[in-house]
Participant: 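Before I ask anything, let me first share the structure, which is written out below as C-alpha cells.
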Amino acid sequence: MNAARPPGWRLLVVSAAAIGIATLVPTGGSGTTASGCILCGHRGLSDFISNILLFAPLGFALGRRGQPLLRAAAIGAAYSLGIELAQMDLIPGRDANLGDLVANSLGAVAGWGPGFERGWWTRSGSDTGRCLGAAAATAVLLLGALALFAPSLPDSTYYMQWTARFGNMAAYDGRVLSTRIGPLDIPGRQRIEQTDSVRELLFGQPLEIVAVAASPPDIAPIVSIYDDRQRQIMLLGAERADLIYRYRMLADELLLDHGDLRVHQAFERVEPGTTYRLRWVVDRRGYCLELEGRSECGRGFTVGDTWTLLMALDWGTDERAVLRALWLWGIFLPAGFLARRARTLAAAGLLAALLLLAGPLLLGFAATPVHQVAAALMGLLTGRLAAWRSALSDHARQRV
C-alpha cells in the first residue's frame, strides 16, 4: 500500500507543518498590524525571499504529487491567505501584509516546477554539465552574497554617541570615559568631520575605549556612530559578557538583513562597575581585541554567515556555528541531487571546494574554514543519496 501511495505526501505534510510553526507561533509582541506593502521595513527584501523559500518545499511536494500548476498556486495562495488572516486577528505579535501573500504564492509556484517537471534531474545520460553547473552556481551565489558584507558608508555627516538609548536595544548602565579612533580623540555626542579617510578610520584603524563596565541582559550600545539621517554606521556593544560589533553594509542598501561579529565571553574578566580599557581593530578579514590583559584575533564574516542576509538571529556562538554548517549543507544539497555517478559527485565537490576556498580571499574576506567546506561537501553527498533513494522508490512504485 505504501508503494502505491502518491509520491511527495510525506514532504507535503512536513512542509505544511513547518510553515505553520514558522508563521503561526506567537512572538510575544504587543499587537498585530496589517499592511498593503510588498517590501516592508528595513529588511523587506529578506522577508520576501525568506517567504519564497518557506513555501518552495510545499510547491515541490504538490508537483511531485502531480498537481497542475494552477492548482498548486491556488493551494499555496489559499494557505498563505489563511495564515495572513490568522495573523491579523488571532496571533499576537505577528504582522500581516500583502508582500507575504505574494512571496508565499511565488514560492509555491517556484517549488512546483522542479517537482512536476522531473525530467531535468531524473533523465539518463551525462550528468556532468548539470551537476558541475549547479555546484559552481551555488558557490558563486554564496560569494556574491558574501560581497554584500562589504561596508557601505553613505556620503553624509557622521556623529558618535556614547551609551546611546535605542528603543530596540537594552541600555548600557556603565559609562564611557574616553574614545579614540586612530589619531582622533572623539568625545561623546560629537560630530565627526567628513573626510576622504572616514572608511579607514572606521575599518582598519584601532578603536580605543576607556569605560566603566556593565553586563546588560540584551544587546546594549557602548559606542555608536550614525549619520544625519539616523542610519547606523557602526555599533560596538555588549550582551552579558559578549562583545558585539555591527557596521553598515551593502546589504543594508538592498533591504537585506545581516549578522554581526560576536566575541564570546569577551568581558568575562571584567567585573561590572570596574574601569576597563578596550582596543578593537576590524576589517573584512577579521578582528583583533585587546581587553584587560586578554588579546584575541578572530575571523570575520565567511560564506557560512550569508544565511543572516535572510534572517539574522541574536544567537550564541555555538548555535551560529551549527547554523552555518546547516546552511551550507542545505544549499549544496540540490547540486548533489543531480549527480548520477561517483566521479561526477567528486568533480562537483572539488570545484565547490576550490571556489569556496579561493573566492573569499579574492573578494578581500576571510578564508572559508575547513569545517564549512566539509559541510558543503556533505550537502552534495546527501543530495546524491536522496536522489538514489528517490530512484529506488520510483522503481518500486512502477513495479506495483
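Index from 1, following the sequence.
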Participant: Could you tell me if the side chain of F60 sits less than 4.5 Å from the side chain of P114, heavy atoms only?
Facilitator: yes

Participant: Apply the side-chain contact (heavy atoms from CB on, under 4.5 Å) test between P221 and each candidate in M169, Q232, Q161; give the one that qualifies.
Facilitator: M169

Participant: Applying the side chain to side chain donor-acceptor pair (under 3.5 Å) test to H258, which of D305, T308, D252 qualifies?
Facilitator: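 The passing option is D252.
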
Participant: Determine the sole option in L362, L363, L361 for which the side-chain contact (heavy atoms from CB on, under 4.5 Å) test with F365 is passed.
Facilitator: L363

Participant: Would you say the side chain of Y287 lies within less than 4.5 Å of the side chain of E296, judging by non-hydrogen atoms?
Facilitator: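 They are in side-chain contact.
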
Participant: Linking directly or through intermediates, with side-chain heavy atoms under 4.5 Å: list the remaining ILVMFWY members grouped with L326, chain and number order.
Facilitator: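 V322, which link up through side-chain heavy atoms under 4.5 Å apart, make up the rest of the cluster.
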
Participant: For a side-chain hydrogen bond (donor to acceptor under 3.5 Å, both in side chains) check, start with the C-alpha distance between T179 and E208, then their side-chain angles and the critical distance, and finish with the verdict.
Facilitator: CA-CA 6 Å; T179 308; E208 300 177 72; over 6 Å; no

Participant: Donor-acceptor pair, R130 side chain versus L338 backbone, under 3.5 Å?
Facilitator: no

Participant: Checking T128 against R341 for the side-chain hydrogen bond (donor to acceptor under 3.5 Å, both in side chains) test, could you report, in this order, the C-alpha distance in whole Å, the side-chain angles of both residues, the deciding distance, and whether it holds?
Facilitator: CA-CA 9 Å; T128 304; R341 296 171 294 179; 3.1 Å; yes

Participant: Please tabulate, for the side chains in residues 137-147, all donor-acceptor contacts under 3.5 angstrom to protein atoms that are two or more places apart in sequence or on a different chain.
Facilitator:
| unit_1 | atom_1 | unit_2 | atom_2 | d |
| --- | --- | --- | --- | --- |
| T138 | OG1 | A134 | O | 2.8 |

Participant: Please check this pair: side chain of R320 against backbone of W315, looking for a donor-acceptor N/O pair closer than 3.5 Å.
Facilitator: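 It does hold such a pair.
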
Participant: Can you confirm whether I38 sits close enough to V102 that some side-chain heavy atom of one is under 4.5 Å from a side-chain heavy atom of the other?
Facilitator: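 Yes. Closest side-chain heavy atoms under 4.5 Å.
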
Participant: For R231, what residues pass the salt bridge (charged side-chain N to carboxylate O under 4.0 Å, His left out) criterion, not counting sequence neighbours?
Facilitator: D227

Participant: Does the side chain of W307 reach to within under 4.5 Å of the side chain of L328, using non-hydrogen atoms?
Facilitator: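 Counting from C-beta outward, W307 and L328 never come under 4.5 Å.
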
Participant: What pairs of residues pass the side-chain hydrogen bond (donor to acceptor under 3.5 Å, both in side chains) test when at least one of them lies in residues 241-251, not counting sequence neighbours?
Facilitator: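 Non-adjacent pairs meeting side-chain hydrogen bond (donor to acceptor under 3.5 Å, both in side chains): D242-R262, D242-H264, R246-D260, R246-D314, R248-E253.
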
Participant: Using the test ring pair (Phe, Tyr, Trp, His ring centres under 6.0 Å), find all partners of Y172 that sit at least two apart in sequence or belong to another chain.
Facilitator: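 Scan of Y172 (ring pair (Phe, Tyr, Trp, His ring centres under 6.0 Å), adjacent residues dropped) gives none.
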
Participant: Counting N and O atoms only, with roles assigned by atom type, does the side chain of S80 sit under 3.5 Å from a partner on the main chain of G76, one being a donor and the other an acceptor?
Facilitator: no

Participant: State, with a plain yes or no, whether a side-chain heavy atom of T275 is found less than 4.5 Å away from one of V212.
Facilitator: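 Answer yes - side chains close enough.
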
Participant: Hydrophobic side-chain clustering at under 4.5 Å (ILVMFWY, transitive links): who's grouped with Y226? Put none if nobody.
Facilitator: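 Its cluster mates, by chain and number, are Y159.
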
Participant: Is the count of non-hydrogen atoms from other residues, nucleotides or ligands lying under 6.0 Å from R285 atom CZ greater than 12?
Facilitator: yes

Participant: When you compare the side chain of L81 with that of Y79, does any pair of heavy atoms fall below 4.5 Å?
Facilitator: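 No, side chains not in contact.
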
Participant: Might you point out which heavy atoms bring R43 and L310 nearest each other, and give the distance in Å?
Facilitator: NH2-O, 2.7 Å

Participant: If you define the side chain from C-beta out and look only at heavy atoms, does anything of F166 sit under 4.5 Å from L235?
Facilitator: yes

Participant: Just by distance, do the side chain of E84 and the backbone of N97 share a donor-acceptor pair under 3.5 Å?
Facilitator: yes

Participant: Any donor-acceptor pair under 3.5 Å linking the side chain of R180 with the backbone of G182?
Facilitator: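 Yes; judged by distance alone, with no hydrogens or angles, the pair exists.
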
Participant: So, are R294 and E292 salt-bridged, with charged N and O less than 4.0 Å apart?
Facilitator: no

Participant: Answer yes or no: is there a donor N or O on one side and an acceptor on the other, between the side chain of Q87 and the main chain of T23, under 3.5 Å?
Facilitator: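 Looks like yes, one N/O pair under 3.5 Å.
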
Participant: Could you tell me if the side chain of R284 sits less than 4.5 Å from the side chain of F149, heavy atoms only?
Facilitator: no

Participant: Of N104, L106, V109, which meets side-chain contact (heavy atoms from CB on, under 4.5 Å) against F55?
Facilitator: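 It is N104, the one option of N104, L106, V109 that forms the side-chain contact (heavy atoms from CB on, under 4.5 Å) with F55.
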
Participant: Are the side chain of D283 and the backbone N or O of G286 linked by a donor-acceptor pair below 3.5 Å?
Facilitator: yes

